[in-house]
Enquirer: 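One structure is given below, represented as structure tokens, and several questions about it will come after.
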Amino acid sequence: MQNIPSVDLRDFLSDDPKRKQKFVNEIGSAFENIGFVALKGHFLDDQLVDELYSEIRKFFALPIETKHNYEIPGIGGQRGYVSFGKEHAKGRKEGDLKEFWHFGQYVDKESRWASEYPDNVEVKELPRFNEVGKDAYQMLEKTGVYVLRALALHLGLDEFYFDEYAKEGNSILRPIHYPPITSEPENAIRAAAHGDINLITLLMGAQGKGLQVQNHDGEWIDAIAADDELVINVGDMLSRHTNNKLKSTIHQVVNPPRELWGTSRFSVPFFMHPVSDMRLDCLENCIDDENPKKYEDISAGEFLHERLVELGLIKK
């Protein structure tokens, strides 16, 4: 396979059972094979996308001293600003060539998760930044819920199996700025080869070359979406929960050709996490003689903590 399959969420949302099943089959097959799809028919409209990118560009253009005011110590980078080179891929020492921002879950004060989730950080200089970020977060989350419903059906589960875990889940919206490259990087690339931690990732901004996915033969293929598409991939939590039936595929963001070093790249992944007490134990119907249980039992919260330590975002 030399490209990632394209699916249309409107098939799943239609009243036609055949179209709905077509979507379930297509996304299920893609996630069992390459682990990535390009998705049309999501809930982000063009106006929201344009406004989000406008606000993101304004934020990353602020003076570095201003941005550092929004780097919050002691929370493992879960909210606010994370500066250039702080994060590295699992097993690497070189920091990735990027800076980013984190929007987190929006819960009422009465929620059982209110004390667990840090507050979102308000950017005083940009009054629309936080409003637009919240709107995008909630539309991506809504899209993700329907994708998980399709995957539940593919796995032979109740359609709404994931709903209780996704509701008020520990999801993160991460606008990323890959700044212009000013000198030959020694070993670092924009984002080193890695798998995502979470259930699924919904990515805005894969319209240009840069994102690459590793196929079964170990070859790197470009994952390029059309203007109206999100790229969606399986994360390690979902792969683990399905005993690797659904594949969490290694991917990377490579440096551009030298003639494009002077340009910035922006992308906006939404990392869809469940609530921390979701069990990621391998599903019984994903275990058989040919596919024995591959992973120890663990909760989503425990797994997330392990991985954040490996990524250098929190200390042991």
Side-chain angles (χ1 to χ4, degrees), residues 9 12-13 20 23-24 27-28 30-32 35 37 39 42-43 76 78-79 102-118 120 134 136-174 195-203 230 232-249 269-287 293-308:
L9 186 60
F12 187 73
L13 299 173
K20 185 172 183 177
F23 181 86
V24 170
I27 199 166
F31 281 176
E32 285 192 25
V37 294
L39 180 113
H42 50 77
F43 294 103
Q78 289 182 72
R79 302 290 185 272
H102 276 161
F103 296 101
Q105 184 60 270
Y106 300 86
V107 293
D108 296 330
K109 288 191 174 66
E110 298 75 37
S111 166
R112 60 179 290 216
W113 303 108
S115 60
E116 183 175 320
Y117 297 158
N120 277 297
K134 181 177 181 179
Y137 184 106
Q138 293 179 333
M139 290 301 101
L140 285 160
E141 184 176 49
K142 182 178 179 181
T143 301
V145 165
Y146 283 101
V147 170
L148 288 173
R149 287 177 182 174
L151 294 176
L153 291 172
H154 175 71
L155 294 165
L157 304 170
D158 180 82
E159 179 176 345
F160 305 103
Y161 168 81
F162 288 105
D163 279 33
E164 65 176 301
Y165 305 120
K167 181 178 169 57
E168 299 192 333
N170 193 19
S171 300
I172 292 284
L173 179 63
R174 174 190 277 194
D196 292 342
I197 301 170
N198 39 292
L199 289 172
I200 57 173
T201 301
L202 298 85
L203 175 68
L230 300 173
I232 305 186
N233 64 278
V234 177
D236 291 346
M237 287 185 181
L238 186 59
S239 178
R240 189 181 184 109
H241 195 38
T242 63
N243 199 35
N244 206 35
K245 181 180 175 75
L246 304 183
K247 303 291 190 291
S248 177
T249 303
F270 179 75
F271 299 114
M272 193 153 189
H273 283 260
V275 291
S276 61
D277 61 2
M278 179 185 180
R279 301 301 307 175
L280 299 180
D281 309 352
C282 298
L283 291 162
E284 289 296 324
N285 60 351
C286 295
I287 301 170
K293 184 178 175 184
K294 295 180 173 67
Y295 305 105
E296 295 294 315
D297 294 350
I298 197 170
S299 72
E302 292 163 344
F303 184 70
L304 176 61
H305 184 269
E306 277 183 16
R307 291 293 298 274
L308 291 177

Enquirer: Parallel, tilted or perpendicular: which fits the ring planes of Y137 and Y106, with parallel below 30° and perpendicular above 60°?
Expert: perpendicular
Enquirer: Taking atom CG of L280 and atom CG of L199, what is their separation to the nearest 0.5 Å?
Expert: 7.0 Å
Enquirer: Check M272 against G144 and note the closest heavy-atom contact, atom names and distance.
Expert: SD-CA, 3.5 Å
Enquirer: For the residue pair I197 and H273, establish whether any side-chain heavy-atom pair is separated by less than 4.5 Å.
Expert: yes
Enquirer: At their closest point, which heavy atom of V145 faces which heavy atom of A166, and how far apart are they?
Expert: CG2-CB, 4.4 Å
Enquirer: Kindly give the heavy-atom pair with the smallest separation between T249 and G35, and that separation in Å.
Expert: OG1-CA, 3.5 Å
Enquirer: Please check: side-chain N/O of S239 versus main-chain N/O of L246, any donor-acceptor pairing under 3.5 Å?
Expert: yes
Enquirer: For the pair E302 (side chain) and S299 (backbone), establish whether a donor and an acceptor sit closer than 3.5 Å, ignoring hydrogens and angles.
Expert: yes
Enquirer: Within the distance-only criterion (no hydrogens, no angle test), does the side chain of N243 pair as donor or acceptor with the backbone N or O of I287 below 3.5 angstrom?
Expert: no
Enquirer: Can you tell me how far the OH atom of Y117 sits from the CZ atom of R79, to the nearest 0.5 Å?
Expert: 8.0 Å
Enquirer: Return yes if some donor-acceptor pair links the side-chain N/O of R149 with the main-chain N/O of F162 below 3.5 Å, else return no.
Expert: no
Enquirer: Do H241 side-chain atoms and D281 backbone N/O form a donor-acceptor pair below 3.5 Å?
Expert: yes
Enquirer: Regarding D297 and R279, does a basic nitrogen lie under 4.0 Å from an acidic carboxylate oxygen?
Expert: no
Enquirer: State, yes or no, whether a side-chain contact exists between L39 and T143 at a heavy-atom distance under 4.5 Å.
Expert: yes
Enquirer: Can you name the closest pair of heavy atoms from I172 and H102 and give their distance?
Expert: CG2-CD2, 3.2 Å
Enquirer: Between V147 and V37, is there a side-chain heavy-atom distance shorter than 4.5 Å?
Expert: no
Enquirer: Show the numbers, then the answer: is there a side chain to side chain contact (heavy atoms under 4.5 Å, CB included) between L230 and F270?
Expert: CA-CA 10 Å; L230 300 173; F270 179 75; over 6 Å; no
Enquirer: F12 vs F23 aromatic rings, parallel, tilted or perpendicular, using cut-offs 30° and 60°?
Expert: tilted
Enquirer: Taking the side chain as every heavy atom from C-beta outward, state whether F31 and I232 have any pair of such atoms under 4.5 Å apart.
Expert: yes
Enquirer: Atom CH2 in W113, atom CD in E168: separation rounded to 0.5 Å?
Expert: 9.0 Å
Enquirer: Look up atom CG in L148 and atom CG in L157, then write down how far apart they are to the nearest 0.5 Å.
Expert: 11.0 Å
Enquirer: Would you say D196's side chain and S248's backbone share a donor-acceptor pair under 3.5 angstrom?
Expert: no
Enquirer: Would you call the rings of Y165 and Y161 parallel, tilted or perpendicular, where under 30° means parallel and over 60° means perpendicular?
Expert: perpendicular
Enquirer: Less than 4.5 Å apart, any side-chain heavy atom of V234 and any of K247?
Expert: no
Enquirer: Should the heavy atoms of other residues, nucleotides or ligands under 6.0 Å from NZ of K167 be counted, would the total exceed 12?
Expert: no
Enquirer: So, taking the atom named CG in L203 and the one named CZ in F271, what distance separates them when rounded to the nearest 0.5 Å?
Expert: 8.0 Å
Enquirer: Search all heavy atoms of G104 against all heavy atoms of N120 and return the closest pair with its distance.
Expert: N-OD1, 2.7 Å
Enquirer: When you check the side-chain N and O atoms of E141 and S171, is any donor under 3.5 Å from an acceptor?
Expert: no
Enquirer: Between K20 and L153, is there a side-chain heavy-atom distance shorter than 4.5 Å?
Expert: yes
Enquirer: Quick one, L283 and K245 - any side-chain contact, counting heavy atoms below 4.5 Å?
Expert: no
Enquirer: Check for a donor-acceptor pair, side chain of Y295 on one end and backbone N or O of N244 on the other, with a separation under 3.5 Å.
Expert: no
Enquirer: What is the distance from atom CE of M278 to atom CG of N170, rounded to the nearest 0.5 Å?
Expert: 13.5 Å
Enquirer: What heavy-atom pair brings P269 and T201 nearest, and what distance separates the two atoms?
Expert: CB-CG2, 4.0 Å
Enquirer: Would you mind reporting whether R240 and I298 have side-chain heavy atoms less than 4.5 Å apart?
Expert: yes
Enquirer: Would you sort out whether H42 and L202 count as a side chain to side chain contact (heavy atoms under 4.5 Å, CB included), showing the intermediate values?
Expert: CA-CA 10 Å; H42 50 77; L202 298 85; over 6 Å; no
